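What follows is a short report on a single structure.
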Amino acid sequence: MPKIKTHSGAKKRFSVTKNGKFKRGHVGKRHLLNGHGKTTKLKRALRGTTYADKTNVKAIKELIPYK
């Protein structure tokens, strides 16, 4: 079987942890950060990383086959 190409966008956005979970950044932190309904509390919560939902794991594994 031929090799599968890794999806360039996915490899930049997801990283695999030691336990096999997919770590990702939060969305919604690019623009409209002052005075448009995003509170300081929300912006602070968006700073860190979180894990991809289990419903998306299968799709991510297909995009990043060799991680």
Side-chain angles (χ1 to χ4, degrees):
M1 272 191 57
K3 292 180 183 178
I4 304 168
K5 285 194 174 181
T6 298
H7 191 279
S8 297
K11 74 179 175 189
K12 294 170 191 172
R13 287 170 172 80
F14 299 102
S15 60
V16 186
T17 63
K18 189 167 63 172
N19 294 328
K21 291 182 179 180
F22 286 94
K23 199 164 67 167
R24 65 167 178 85
H26 285 102
V27 298
K29 198 71 196 315
R30 297 289 180 211
H31 64 126
L32 301 178
L33 295 173
N34 51 349
H36 290 279
K38 285 187 187 143
T39 62
T40 307
K41 185 177 180 181
L42 174 64
K43 290 183 282 189
R44 194 166 56 242
L46 294 175
R47 275 184 208 148
T49 58
T50 185
Y51 297 108
D53 192 66
K54 62 181 181 180
T55 57
N56 299 325
V57 168
K58 184 183 173 192
I60 296 168
K61 280 184 180 176
E62 289 174 8
L63 295 172
I64 313 172
Y66 300 110
K67 276 201 171 186

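Please read all numbers here as calculations on a predicted model, not as lab measurements. Positions are given from 1, in the same order as the sequence printed here.
- For the residue pair I60 and F14, the shortest heavy atom distance occurs at CD1-CE2, 3.6 Å.
- Closest approach of K38 to H31, counting heavy atoms only: NZ-O, 3.2 Å.
- Of the inter-residue distances, the one linking K21 atom NZ with S15 atom OG reads 13.0 Å to the nearest 0.5 angstrom.
- Residues A10 and L63 approach most closely at CB-CB, 3.8 Å, considering heavy atoms.
- Judged purely by atom type and a 3.5 angstrom limit, H26 has no side-chain atom pairing as donor or acceptor with the backbone of R47.
- We find the CD1-NZ distance between I64 and K12 to be 12.0 Å, quoted to the nearest 0.5 Å.
- Without hydrogens or angle criteria, K43 side chain to N34 main chain gives no donor-acceptor distance under 3.5 Å.
- Checked by atom type, the side-chain pair T17/N19 shows no donor-acceptor distance below 3.5 Å.
- Cluster annotation: V16 is not connected to Y51 through the hydrophobic network of ILVMFWY side chains, with a link wherever side-chain heavy atoms come within less than 4.5 Å.
- Interatomic distance, OG1 of T49 versus NZ of K23, reported as 5.0 Å (0.5 Å rounding).
- Atom-to-atom distance recorded for T50:OG1 and R24:CZ is 5.0 Å, nearest 0.5 angstrom.
- Across every non-hydrogen atom of T6 and P65, the tightest pair is OG1-CD, 3.9 Å.
- Smallest separation of non-hydrogen atoms from F22 and V57: CE1-CG1, 4.0 Å.
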